[in-house]
Amino acid sequence: MNTAAARPSVLFVCVHNAGRSQMAAAFLTHLAGDRVEVRSAGSAPADSVNPSVVEAMKEAGIDISAETPKVLTTEAVHASDVVITMGCGDTCPVFPGKRYLDWQLDDPAGQGVDAVRPIRDEIEQRVRGLLADLGIPSTS
């Protein structure tokens, strides 16, 4: 368990780890640098990150083209201070002492970049709010 002096650890979870959780992890890494440990995973990971998500993030100046969806493990949840779910339902393991947030966001699966942009922008605002809650100033 991290102490207040240690870096907080945040895990973003969605079903496929190909859209929402990838964008959230990328924004948190971009805005917090090494001041937050960032993970993302999916309960049923896809083969690759959604190309429309990659394009939308590129427009925001963040390259996630090398990212790959990862499977959700109980170890990842156990090692995280904050677990943010995005439509993974009851598949996310729950441990006492963790902070859980559920972000209701549209799923970008099968959507074009025009539909992904508003989801991306909402995720960025939520990540900025999370940083404020954690007491970590944004780098940009």
- Message: Give me the atom names and distance for the closest heavy-atom approach of Gly42 to Asn17.
- Response: N-CB, 3.4 Å
- Under the side chain to side chain donor-acceptor pair (under 3.5 Å) rule, collect the residues that match up with Glu124, sequence neighbours excluded. Arg128
- List for me each residue that meets side chain to side chain contact (heavy atoms under 4.5 Å, CB included) alongside Glu122, sequence neighbours excluded, and say none if there are none. Leu105, Arg126
- Message: Applying side-chain contact (heavy atoms from CB on, under 4.5 Å) to Met57 and Val54, what does each step give before you reach the verdict?
- Response: CA-CA 5 Å; Met57 291 302 288; Val54 172; over 6 Å; no
- Message: Under the ring pair (Phe, Tyr, Trp, His ring centres under 6.0 Å) definition, can you give me all pairs with a residue in residues 31-84, not counting sequence neighbours?
- Response: His78-Phe95
- Set of salt bridge (charged side-chain N to carboxylate O under 4.0 Å, His left out) partners for Arg35, sequence neighbours left out: none
- Query: Between Ile84 and Leu130, does a side-chain contact (heavy atoms from CB on, under 4.5 Å) hold up when you go through it step by step?
  - Reply: CA-CA 10 Å; Ile84 299 175; Leu130 175 66; 3.6 Å; yes
- Task: With sequence neighbours left out, write down each residue that passes side chain to side chain donor-acceptor pair (under 3.5 Å) with Asp47, or none if nothing qualifies.
- Result: none
- Shortest non-hydrogen contact from Ser80 to Leu11? OG-CB, 3.3 Å
- Can you name the nearest heavy-atom pair linking Ala56 to Val116, along with the distance? CB-CG1, 3.6 Å
- Where at least one partner belongs to residues 103-137, residue pairs that pass ring pair (Phe, Tyr, Trp, His ring centres under 6.0 Å), sequence neighbours excluded: Phe12-Trp103
- Task: Sort and list the pairs that fulfil salt bridge (charged side-chain N to carboxylate O under 4.0 Å, His left out) and have at least one residue in residues 104-113, not counting sequence neighbours.
- Result: Arg20-Asp107
- Item | Qualifying ring pair (Phe, Tyr, Trp, His ring centres under 6.0 Å) pairs with a residue from residues 21-48, counting only residues at least two apart or across chains | none
- Query: Between Ile136, Leu134, Val38, which is the residue that forms a side-chain contact (heavy atoms from CB on, under 4.5 Å) with Leu28?
  - Reply: Val38
- Task: Applying side chain to side chain donor-acceptor pair (under 3.5 Å), name anything that partners Asp63, two or more places apart in sequence or on another chain.
- Result: Ser65
- Message: Just to verify, what does Asn50 make a side chain to side chain donor-acceptor pair (under 3.5 Å) with, not counting sequence neighbours?
- Response: none
- Item | side-chain contact (heavy atoms from CB on, under 4.5 Å) assessment of Ser40 paired with Gln22 | CA-CA 6 Å; Ser40 72; Gln22 290 282 352; 4.1 Å; yes
- Note on the structure: Of all heavy-atom pairs linking Ala41 and Ser21, the shortest is O-OG, 3.9 Å
- Can you list every ring pair (Phe, Tyr, Trp, His ring centres under 6.0 Å) pair that touches residues 106-125, not counting sequence neighbours? none
- Kindly work out whether a path of hydrophobic side-chain contacts (I/L/V/M/F/W/Y, heavy atoms less than 4.5 Å apart) joins Val113 to Ile62. no
- Query: Linking I/L/V/M/F/W/Y whenever their side-chain heavy atoms sit closer than 4.5 Å, directly or via other members, would Met23 and Leu101 fall into one cluster?
  - Reply: yes
- Task: Might you work through the side chain to side chain donor-acceptor pair (under 3.5 Å) test for Asp102 and Thr85, ending with a clear yes or no?
- Result: CA-CA 5 Å; Asp102 185 48; Thr85 58; 2.7 Å; yes
- Message: Do Val49 and Thr68 make a side-chain contact, defined as non-hydrogen atoms from C-beta onward lying under 4.5 Å apart?
- Response: no
- Considering residues at least two apart in sequence or located in another chain, which fulfil the salt bridge (charged side-chain N to carboxylate O under 4.0 Å, His left out) criterion with Arg39? Glu37
- Does the pair Ser138 and Leu131 meet the rule for a side-chain contact (heavy atoms from CB on, under 4.5 Å), with working shown? CA-CA 7 Å; Ser138 171; Leu131 280 170; 4.3 Å; yes
- Regarding Ser9 and Asp81, is there a side-chain donor-to-acceptor distance under 3.5 Å anywhere? no
- Message: If you compare all heavy atoms of Ala32 against all heavy atoms of Val36, which two are closest, and at what distance to 0.1 Å?
- Response: CB-CG2, 3.7 Å
